[in-house]
Amino acid sequence: MYIRDLRNTKGHIAGLTAAQWHPCERHTALTGSEDGSLRIWDVRDFKTQKKVVKPKLARPGRVPVTAAEWGPDGRMVAAGLNDGSLQVWSVKAGGARCPTCCAWTRMRGVTTSRGSPSAPTTLVSRSMDSTMKVWDLRKFKQPVKVYSHLPNHYQQTNVAWSPDERLFFTGTSAEKGGRGGQLHFYSKESLDLVRVTGVSERCQGAVARQAQPAIRHVRRQEGGRHAHPVRPHPQRARRPRVRRPGAARPSP
């Protein structure tokens, strides 16, 4: 019984696949695991979790959680599973027993589910089947938009939003005999492709990205390598000139 019912365990019994801080509560965190469960923690006391969330499965068994995400206000939790399903729970006042909405898709291995901070009903998912999909939680049966031909060979590949939320973007993996990894930027309003930025011919895939609002750059990471900044706009960044101490000032 201890192993069969994950609610009786004091923690995950397999490797972690996702972790995220609560957007409003500084001491609350969310984790997802290969044991097929999500858990909400109070980091001030790790002896036991605050809540255990068990996804709904089409068949009895255990399916790894591959992506987990808080809603913008922290009242909902979204998760992607290795069986291709997307599920959303309400975590208000003892909720999270059954998913409030669930989409059974044919996606292979959901790698991320990222909601829009200003539009709580919008969700963007990325998966290992070379697709990215935009969902409306009010009509969760079918995606609003499907983007195909986005190669993805890494489970870490995700989706991110620009600081002003006008764009969302993802990375692609290099194909055999083709180009290296790329970043694809899409308009939130029209859902159209806005820009494609090549990372490097040697890059096997851009897998992780984070927008930096202060300098308007994007942090991208190559598969198994370090992160590097990429500017999403065609204009080049202006660098201030640095004058060495004691050096003569340039003539006007």
Side-chain angles (χ1 to χ4, degrees), residues 6-56 63-82 85-103 110-126 134-138 140 155-165 168-170 188 207-214 218-219 221 227:
L6 294 177
R7 293 191 182 94
N8 294 332
T9 64
K10 295 183 178 180
H12 291 293
I13 58 175
L16 291 181
T17 56
Q20 189 182 56
W21 289 105
H22 192 282
C24 304
E25 301 175 9
R26 59 181 299 183
H27 299 297
T28 303
L30 170 70
T31 57
S33 170
E34 294 176 345
D35 63 9
S37 71
L38 296 94
R39 297 171 192 258
I40 299 175
W41 303 85
D42 186 336
V43 297
R44 294 168 294 185
D45 182 13
F46 269 121
K47 292 182 180 180
T48 182
Q49 60 272 342
K50 294 174 60 177
K51 194 182 298 294
V52 179
V53 183
K54 294 182 64 177
K56 180 180 179 180
V63 179
V65 174
T66 53
E69 174 86 9
W70 287 105
D73 55 4
R75 296 182 180 181
M76 301 186 75
V77 170
L81 276 68
N82 201 41
S85 66
L86 285 172
Q87 302 185 32
V88 180
W89 296 264
S90 171
V91 292
K92 298 183 297 181
R97 279 289 180 179
C98 296
T100 57
C101 50
C102 178
V110 179
T111 61
T112 189
S113 55
R114 187 62 50 89
S116 170
S118 63
T121 59
T122 301
L123 186 70
V124 184
S125 64
R126 187 80 162 93
V134 180
W135 303 83
D136 187 337
L137 299 184
R138 297 166 296 185
F140 210 41
Q155 293 184 350
Q156 301 90 341
T157 303
N158 65 355
V159 178
W161 293 87
S162 63
D164 57 6
E165 298 181 36
F168 60 94
F169 50 98
T170 187
K188 175 186 174 182
V207 299
R209 295 139 311 279
Q210 181 181 3
Q212 171 54 261
V218 174
R219 297 289 294 179
Q221 181 178 338

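The backbone N or O of D136 lies less than 3.5 Å from no partner atom in the side chain of T122, so there is not a single donor-acceptor pair. The main-chain N or O of V63 is never found under 3.5 Å from a side-chain atom of N82 such that the two would form a donor-acceptor pair. Looking only at distances, a side-chain donor or acceptor of Q20 sits under 3.5 Å from a matching main-chain atom of W70. Using a distance-only test at 3.5 Å, with no hydrogens or angles considered, a donor-acceptor pair links the side chain of Q49 to the main chain of T9. A donor-acceptor pair under 3.5 Å links the side-chain atoms of Q87 to the main chain of K56, judged by distance alone. Under a 3.5 Å cut-off, the side chain of T121 and the backbone N or O of R138 do not form any donor-acceptor pair.
Taking 4.5 Å as the limit, some side-chain heavy atom of V65 sits within range of a side-chain heavy atom of P55. Side-chain atoms of V77 and V53, non-hydrogen and from C-beta on, never get closer than 4.5 Å to each other. L30 places none of its side-chain heavy atoms less than 4.5 Å from the side chain of W21.
Residue I40 holds its CD1 atom at 7.5 Å from NE2 of H22, rounded to the nearest 0.5 Å. With rounding to the nearest 0.5 angstrom, the CG atom of L38 is 12.0 Å from the NZ atom of K54. Between atom OG of residue S33 and atom CZ of residue R39 there is a gap of 7.5 Å, rounded to the nearest 0.5 Å.
Shown here for G80 and L86, the closest heavy-atom pair between the two residues is CA-CD2, 4.0 Å. Minimum heavy-atom separation, A79 to W89: CB-CZ3, 3.6 Å. Considering every non-hydrogen atom in both G71 and P23, the closest pair reads O-CG, 3.5 Å. Residues V43 and A29 share a closest heavy-atom pair of CG1-CB, 4.3 Å.
Remark: the S125 side chain and the W135 side chain contain an N/O donor-acceptor pair separated by less than 3.5 Å. Side-chain contact of R44 with T28: a donor-acceptor pair under 3.5 Å is absent, judged by distance alone. Checked by atom type, the side-chain pair T170/R126 shows a donor-acceptor distance below 3.5 Å. In this structure, a donor-acceptor pair under 3.5 Å is present between the side chains of H12 and D35.
A cation-pi arrangement is absent between K50 and W41 under the rule of less than 6.0 angstrom and at most 45 degrees off the ring axis.
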